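Written below as structure tokens is the structure these notes are about.
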Amino acid sequence: MILIDGKKVSSDIKSELKEEISALYNKTGKSPGLVVIIVGNNPASEVYVRNKHKACGEVGINSTVLNLPEETTQGELLQKISEFNADPNIHGILVQLPLPKQIEESAVIRAIDPGKDVDGFHPYTVGELVIGDPKFQPCTPAGIVELLKRYDIDPSGRHVVIVGRSNIVGKPAALLLMQKKKFANAIVTVCHSAAKDISVFTKQADILIAAMGVPKFIKKEMVKPGVVVIDVGTNRIEDATTKSGYRLVGDVDFEEVSTVASYITPVPGGVGPMTIAMLLKNTVKSFKETIRND
Ligand code: GUN
């Protein structure tokens, strides 16, 4: 079994981006800018946002975190987004999800300028992904493909089974992996909670992507020997032995499944750091387009 080290790969990507950003700064005197908006104080979101901000600092992206109170109205949030859309120093806008219930997620995502949609969630970007060539690839699915690339696991012609159909992971991962391209071109099955016996599908996987948000759901009997396992789950479970009182576990029962898998991602340290690396990459891509258009 080979452990897929997302932390290491993401660190390599960050070094590459740091060099690129520095070279661009020397040429233009400008740096990429990202704004991350968080509404309320969801503890998991706060950790994600802090990690994104820290990663920006490491590579030389100017990052601003806008913390808005839990009771922020949709109108107030849309107003902020419209200001950032118009700001030439901001190349990427990310609104951390989930949002408080008075705010409609879809209205917020649609308000972001598709040219600054570094999360890849805007319907315009998703539409481009369906056709095949999005300006911004959604970060988590792009991070999965990048991991496969760097471990030389070519999904072409292989059966990728995705468990979970979210707009953030399951659906866009399916779209990305079925493209007629290098390090895609897979036969993709998406299954979800409506399946009577989900193991009928998971057992067929050459590459299994677990992204349904149920702690340790995928067991050894549900996969075939030699499977490549990509665990996207980040579930907080209580653990009195840790300082924070919780720990993160994936959607895969790592102890069991790692005994039969050929490759597997750990949680934490697998897909999570890759999502952030891809966000940085998208922000640099957006920045490069603006300096090209100057
Ligand atoms: N919430 C969980 N994952 C994500 C993500 O990738 N982007 C945003 N904006 N919110 C999230």
Side-chain angles (χ1 to χ4, degrees), residues 6 10 13 34-56 61 63-68 72 74 77-78 80-81 84-85 90-101 103-114 116-126 129 134 136-147 162 164-173 175-176 209-215 230-236 248-251 265 267-268 270-283 285-286:
S10 113
I13 292 170
L34 173 72
V35 64
V36 179
I37 306 174
I38 174 167
V39 187
N41 24 38
N42 176 312
S45 292
E46 282 175 347
V47 174
Y48 294 143
V49 167
R50 207 177 315 131
N51 290 341
K52 287 170 186 176
H53 181 61
K54 182 167 158 268
C56 283
I61 293 175
S63 134
T64 310
V65 176
L66 178 63
N67 271 286
L68 296 173
T72 302
Q74 182 166 313
L77 178 56
L78 294 181
K80 286 290 174 201
I81 292 172
F84 293 127
N85 281 344
I90 299 290
H91 308 98
I93 302 171
L94 181 149
V95 180
Q96 188 65 30
L97 304 176
L99 289 164
K101 48 187 179 319
I103 301 177
E104 201 193 324
E105 188 178 295
S106 141
V108 171
I109 290 170
R110 283 166 199 268
I112 296 171
D113 176 349
K116 300 188 179 187
D117 177 33
V118 287
D119 247 336
F121 293 168
H122 192 287
Y124 181 88
T125 314
V126 179
L129 175 62
F136 299 114
Q137 293 193 347
C139 301
T140 300
I144 293 170
V145 171
E146 195 62 37
L147 281 179
I162 301 171
R165 53 178 152 177
S166 70
N167 288 339
I168 296 184
V169 185
K171 272 191 246 172
L175 290 164
L176 204 54
I209 300 179
M212 65 293 202
V214 183
I230 307 289
D231 188 352
V232 187
T234 46
N235 309 289
R236 284 177 166 225
L248 283 185
V249 298
D251 289 351
T265 61
V267 176
V271 176
M274 293 303 295
T275 299
I276 296 183
M278 295 299 111
L279 169 68
L280 305 177
K281 205 169 166 181
N282 277 346
T283 306
K285 183 172 192 195
S286 177

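Just so you know, these numbers come straight off a predicted model, no measurement behind them. Read the numbers this way: they start at 1 and go in the same order the structure lists the ligands and their atoms.
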> So which protein residues pack against ligand 1 under 4.0 Å, heavy atoms counted?
Replying inline: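 Residues within 4.0 Å of ligand 1: K52, L94, V95, Q96, L97, D119, F121.
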
> Between V169 and P141, what is the shortest heavy-atom contact and its length?
Replying inline: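 Closest heavy-atom pair between V169 and P141: O-CG, 3.9 Å.
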
>> Side chains of S63 and H53 only: does a donor on one sit below 3.5 Å from an acceptor on the other?
In response: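 Judged by distance alone, the side chains do pair up.
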
> With sequence neighbours excluded, what pairs up with T125 under the side-chain hydrogen bond (donor to acceptor under 3.5 Å, both in side chains) test?
Replying inline: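 Scan of T125 (side-chain hydrogen bond (donor to acceptor under 3.5 Å, both in side chains), adjacent residues dropped) gives D117.
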
>> Assess the residue pair F121 and L97 against the criterion (side-chain contact (heavy atoms from CB on, under 4.5 Å)); give the C-alpha distance rounded to whole Å, side-chain angles, the decisive distance to 0.1 Å, and a yes or no.
In response: CA-CA 11 Å; F121 293 168; L97 304 176; 3.8 Å; yes

> Do you know which of T140, I144, I13 makes side chain to side chain contact (heavy atoms under 4.5 Å, CB included) with M274?
Replying inline: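 Result: among T140, I144, I13, I13 is the only option passing the side chain to side chain contact (heavy atoms under 4.5 Å, CB included) with M274.
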
> Y48 and Q96: side-chain contact (heavy atoms from CB on, under 4.5 Å), yes or no, with the steps?
Replying inline: CA-CA 8 Å; Y48 294 143; Q96 188 65 30; 3.6 Å; yes

